[in-house]
2 protein chains.
Amino acid sequence: MKLSTKGRYAVTAMMDLAIHDREGPVTLADISQTQGISLSYLEQLFAKLRKRGLVEGVRGPGGGYRLARMPHQITVAEIITAVDENVDVMRCHGDGNCQDGVRCLTHELWAELSNRLYEFLDGITLDQFVERPEIREIARRQDEEAKRMNFVFPRPAA
Amino acid sequence: MKLSTKGRYAVTAMMDLAIHDREGPVTLADISQTQGISLSYLEQLFAKLRKRGLVEGVRGPGGGYRLARMPHQITVAEIITAVDENVDVMRCHGDGNCQDGVRCLTHELWAELSNRLYEFLDGITLDQFVERPEIREIARRQDEEAKRMNFVFPRPAA
DNA sequence: TTTATTCTTGACTGTTTTACTTGGTTATTG
DNA sequence: CAATAACCAAGTAAAACAGTCAAGAATAAA
């Protein structure tokens, strides 16, 4: 288990996806703009999220990404482990490297801590955030802001 | 909040300290040997732990480190934040940089997640691990192993 | 069918963090 | 004084992070 800004990016992006889930696919370009994350970096993250079966890509105009499951079936733990991808099994991968049998002690100690942490994050689903009224409120403001920006700068000149 | 191997090192070392708390100060050399962590790296970690008032250093022969408080008064959260030291307040440090007022949404979202995680780790104290019989058992084996190693290689030749 | 849109993939780059090293200096005990 | 062990400072190789760039492949709309 590992927590970093990378995981936060992923969770933020997935949250954005969950909020606009009913309006069809969301483009990475949109997420990039509203959440302030580099587009190409998002691409990397979503490639991993897709491989883990958390999102589905829809190609072509009007395409984008959508959640592969219902928001209440996607946990924060899944998102984080999807992008961090090293479960960080410590030095001995369950069996191997602990020469003395001594180190395995502290490893299992940490493993339990890690487990409890995982279970905790595994108990938090996307919808728990999305359904909340104050979130819905800000999401609406976010959309209006996006619309306004689109009006002022409709399209880049050809 | 951040979780990495660095924090795990610190927690492991503090666990070792807690286990041998009653036998006087523990040297970093001992921890380095039994836990397989570089001595100088431990020095860096313990410098931070000391500044946060989690451990006390005892200089000179027979010296080492000891816990600054009772094991039940030291939480895992404290240890991790002590060595990681950047609470990672995201881009807007509570006020500043969020230009739109939009991004602050996801920030506060994550902040709450981070808070809940912190509270969770803050509820786990050192003694919760140390007092357990299976840990005590392995700790004793660890000590015997250390004694045996000392007997076979009593001292490096001058 | 062309074309624009969007996902998809891969390689590449600069910065930061890790984990570790080297080489000291104090303070304490015997 | 000599050994011990905490302290301190600086540097370093490798990895992870965050982001860029470029090219391709699928598909909806024109």
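Every chain is numbered from 1 and lettered A, B, ... according to where its sequence line falls, protein lines coming before strand lines. Nothing here was measured: the structure is a model prediction, and the numbers come from that model.
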Nearest-angstrom distance from the residue atom NZ of B:Lys51 to P of D:dC7: 11 Å
With sequence neighbours excluded, residues passing salt bridge (charged side-chain N to carboxylate O under 4.0 Å, His left out) with A:Arg136: none
Rounded interatomic separation in angstrom, taking CD from B:Glu56 and P from C:dT28: 14 Å
Rounded distance in Å - OH (A:Tyr9) to P (D:dA16): 19 Å
Joint cluster assignment, A:Val130 & A:Met70, ILVMFWY side-chain distance < 4.5 Å: no
Check: B:Leu28 main-chain N/O paired with B:Ser32 side-chain donor or acceptor under 3.5 Å: no
Gap between atoms CG and P, on B:Leu42 and D:dC8 respectively (whole Å): 16 Å
Co-membership, hydrophobic cluster, residues B:Ile124 and B:Leu49, 4.5 Å side-chain: yes
For DNA chain C, the residues among residues 21-29 of chain B that have a non-hydrogen atom under 4.0 Å from it: none
A:Asn115: partners by side-chain hydrogen bond (donor to acceptor under 3.5 Å, both in side chains), with sequence neighbours left out: none
Any B:Tyr65 side-chain nitrogen or oxygen under 4.0 Å from OP1 or OP2 of D:dA5: no
Gap between atoms CG and P, on A:Leu45 and C:dT9 respectively (whole Å): 14 Å
Atom-to-atom span, CZ of B:Arg50 to C1' of D:dC7 - whole angstrom: 7 Å
Sugar-phosphate only, base, or nothing, as touched by B:Phe46 at under 4.0 Å among non-hydrogen atoms: nothing
Separation of atom CG in B:Asp30 from atom P in D:dT4, rounded to whole Å: 13 Å
Residues that A:Leu17 engages under side chain to side chain contact (heavy atoms under 4.5 Å, CB included), provided they are two or more places apart: A:Met14, A:Val26, A:Ile31, A:Phe46, A:Val55, A:Tyr65, A:Leu67
Reading 5' to 3' through nucleotides 20-30 of chain D, protein heavy-atom contacts under 4.0 Å coded B for base, S for sugar-phosphate only, - for none: BB---BSBB--
Pairwise distance CG(B:Leu117) to CG(B:Asp122) - rounded to 0.5 angstrom: 10.5 Å
With sequence neighbours excluded, residues passing salt bridge (charged side-chain N to carboxylate O under 4.0 Å, His left out) with B:Arg140: B:Glu137
Residue among A:Arg69, A:Gln73, A:Arg52 satisfying side chain to side chain donor-acceptor pair (under 3.5 Å) with A:Glu78: A:Arg69
Euclidean distance, atom CZ of residue B:Arg8 to atom C1' of C:dT18 [Å, nearest integer]: 12 Å
